[in-house]
Amino acid sequence: MNYETIAQYSEIIGGFAFLIVSIWLFRKFVLPAIRAGEISRNSDLVNTEHRREELREEVAEARGEVEAADRDAKRSSPALRPTARHEHETIIADARREGLRLVQNARGELDRGRIAGRDKLRIEFIEQALNRARALARNSSATPATRNSWPRPSTI
């Protein structure tokens, strides 16, 4: 065997070693980060869903108040009916506006939470990838120079 053949085999073995180490690093660092990001994002979504449910309960309470006002309006005397009807319509309109506003805010909050979680996860992945690339570059910076400086077989 001559030195060129050995150099070729070392290139192949080095490539396989790099591939194996890359896969190992991916499994060791990237996959847990992805899982952690998913867990974080899911917890944010659960919190937002809970908030939305609370807002829906508040809307239900407001509807109950509207129904109570409706019952009160029905019990009132005929002379007060036009005033009660106007108050009833005003309360219903206000409750509807407030309920719609609360539901829309909850939806917007959910969307903002998703976007913020996705952006945060993306930034974390980019930072981790850059840090790993820098570390690999520092560790392998001597490899090309030593590979090219191997002694060549002499031609005698």
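- The shortest heavy-atom contact between S10 and A7 is OG-O, 2.7 Å.
- Residues passing the salt bridge (Lys or Arg N to Asp or Glu O under 4.0 Å) test with R96, sequence neighbours excluded: none.
- Salt bridge annotation for R35-E38: absent, with no cationic side-chain nitrogen under 4.0 angstrom from a carboxylate oxygen.
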*Applying side chain to side chain contact (heavy atoms under 4.5 Å, CB included), run through L110 and L45 and close with a yes or a no.*
CA-CA 7 Å; L110 179 63; L45 292 176; 3.6 Å; yes
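- Atom CZ of R107 is surrounded by 12 or fewer heavy atoms from other residues, nucleotides or ligands within 6.0 Å.
- Distance alone, capped at 3.5 Å, is enough to place a donor-acceptor pair between the T90 side chain and the H86 backbone.
- Salt-bridge check for R41 with D44: failed, with every basic side-chain N at 4.0 Å or more from each acidic carboxylate O.
- Annotation: salt bridge (Lys or Arg N to Asp or Glu O under 4.0 Å) contacts of E49 (sequence neighbours excluded): R52.
- Nearest heavy-atom pair across L121 and G37 is CD1-CA, 3.5 Å.
- Taking CD of E58 as the start and CZ of R63 as the end, the distance is 13.0 Å to the nearest 0.5 Å.
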*Determine, step by step, whether R71 and E67 satisfy the side chain to side chain contact (heavy atoms under 4.5 Å, CB included) criterion, reporting the C-alpha distance in whole Å, the side-chain angles of both residues, the deciding distance to 0.1 Å, and the verdict.*
CA-CA 6 Å; R71 285 191 303 271; E67 290 172 1; 4.0 Å; yes
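- The distance from atom CG of L25 to atom CD1 of I20, rounded to the nearest 0.5 Å, is 12.0 Å.
- Looking at heavy atoms from C-beta onward, E109 lies out of side-chain contact with N105 at the 4.5 angstrom threshold.
- Residues L102 and L55 approach most closely at O-CD1, 3.5 Å, considering heavy atoms.
- A distance of 4.0 Å separates CD1 in I23 from CG in L19, rounded to the nearest 0.5 Å.
- Between the OG1 atom in T48 and the CZ atom in R51 there is a gap of 10.0 Å [rounded to 0.5 Å].
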Exercise answer: donor-acceptor pairs, residues 126-136 side-chain atoms, under 3.5 Å, sequence neighbours excluded:
{"from": "N131", "atom 1": "OD1", "to": "R134", "atom 2": "NH1", "distance (Å)": "3.4"}
{"from": "N131", "atom 1": "ND2", "to": "E127", "atom 2": "O", "distance (Å)": "3.2"}

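- Atom CZ of F29 is surrounded by more than 12 heavy atoms from other residues, nucleotides or ligands within 6.0 Å.
- With values rounded to the nearest 0.5 angstrom, R27 atom CZ is found 13.0 Å from S22 atom OG.
- With a 4.5 Å cut-off on side-chain heavy atoms, N2 and I6 do not count as touching.
- When all heavy atoms of V30 and F125 are compared, the closest pair comes out as O-CE2, 4.5 Å.
- With hydrogens and angles disregarded, no donor-acceptor distance shorter than 3.5 Å links the side chain of D70 to the backbone of V66.
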